[in-house]
Amino acid sequence: MRNLLVAGNWKMNGSGAANSALVEAVVAGRPAASSVELLVCPPFPYLAAVAAALKGSGITLGAQTVSEYDKGAYTGEVSAAMLRDIGCDAVIVGHSERRALYGETSEAVAAKFAAALAAGLLPILCVGETLTDREAGNTEAVVDEQLDAVLNTAGADGIRQAVIAYEPVWAIGTGKTASPEQAQEVHRHIRSRIAGYDAGVAAAVQILYGGSVKGDNAEGLFSMPDIDGGLIGGASLKADDFLAIAEAATRVRGS
Ligand code: PGA
């Protein structure tokens with residue numbers, strides 16, 4: 001059975017003091033269940049401090065994006081090797097905010113995915129449709145295009161070393177969550193798409209749901225057969241809210 005993963009995407013929030021307090025409270029309150037994994041993704045400037053605070057906690061550290069390039073004249077960018085160097089084990093690639101606000105194409109996301117893998121980082125690949133896509137009946141086509149860009153370059157072997165996050169854009173930060181059934185339908189589709197490349201990888205890969213996950217809706221979502229945890233934005237910024245989601249995961253997949 002796949003472990004559940006509860007990952008916090010802090011986005012561009014907090015300060016040195018606030019983020020130290022947040023990570024300390026998360027470490028202190030983390031569930032004991034070994035089948036529930038936790039991960040936090042602070043903004044770049046706080047990664048090193050959070051890495052130190054997480055030492056020995058079993059909680060994984062991730063960044064929110066990464067350059068597709070190794071090094072050189074790319075002002076403002078951060079390489080995968082640099083992230084490894086300061087203690088990151090994971091990185092989010094292709095978050096919908098990066099795709100929509102910074103013009104990241106699926107090809108660029110695939111290149112970032114490859115750069116992360118090459119440096120030994122766990123890529124958390126985000127896919128998801130907008131409301132317009134959904135209403136036009138294009139959810140699966142959009143998700144397939146985003147997935148295939150990675151599957152056709154990194155292959156199923158790449159996905160074997162990654163986590164997928166299905167995040168319908170219309171549910172992110174809006175308070176509108178996909179129902180467990182709506183999310184499950186897309187998660188099942190994603191798993192079957194991957195199975196077209198490699199059935200073993202499809203069965204093993206963790207597929208997270210993201211989009212207004214809270215303590216009171218997490219259990220319903222995580223109980224679905226193809227939902228293996230959540231990528232949490234707003235509710236990851238308060239330790240109690242984030243830990244309530246981790247507790248929900250423990251109720252679903254305890255011990
Ligand atoms: P949200 O964000 O939980 O605030 O909806 C999720 C995400 O963007 O990863």
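First listed ligand is number 1; within each ligand, the first listed atom is number 1.
Atoms of ligand 1 lying under 4.0 Å from at least one heavy atom of Gly211, given by number and element, are 5 (O). The atoms of ligand 1 that sit less than 4.0 Å from any heavy atom of Asn9 are 9 (O). Of all atoms in ligand 1, listed by their number and element, those nearer than 4.0 Å to a heavy atom of Gly173 are 1 (P), 4 (O), 5 (O).
Between the side chain of Asp148 and the backbone N or O of Leu151 there is no donor-acceptor pair closer than 3.5 Å. The closest donor-acceptor contact from the side chain of Thr174 to the backbone of Lys176 lies under 3.5 Å. Side chain of Ser67 to main chain of Ser79: no donor-acceptor pair is present (N/O by atom type, distance under 3.5 Å, no hydrogens or angles). Panel note: side chain Asn217, backbone Ser212; a donor-acceptor pair is recorded below 3.5 Å.
Heavy atoms of Ser236 come nearer than 4.0 angstrom to ligand 1 in no pair at all. A heavy-atom separation below 4.0 Å is not found between Gly210 and ligand 1.
At the top of the distance list for atom 7 (C) of ligand 1, counting protein heavy atoms only, stands Glu167 OE2, 3.2 Å. When hydrogens are left out, the protein atom nearest atom 3 (O) of ligand 1 is Gly233 N, 2.9 Å; that is the closest non-hydrogen contact.
Using a 4.0 Å cut-off between heavy atoms, Ile172 contacts ligand 1 through both its backbone and its side chain. With a 4.0 Å heavy-atom cut-off, ligand 1 is reached by no atom of Ala235.
Arg84 has a carboxylate O that lies under 4.0 Å from a charged side-chain N of Asp89, or vice versa, which qualifies the two as a salt bridge.
No N or O atom of Thr174 sits closer than 3.5 Å to an N or O atom of ligand 1. By the 3.5 Å distance cut-off applied to N or O atoms, Gly234 is counted among the residues near ligand 1.
Of all heavy-atom pairs spanning Glu68 and Ala115, the tightest one is O-CB, 3.8 Å. Taking each heavy atom of Tyr209 and Ala171 in turn, the nearest pair found is OH-CB, 3.5 Å.
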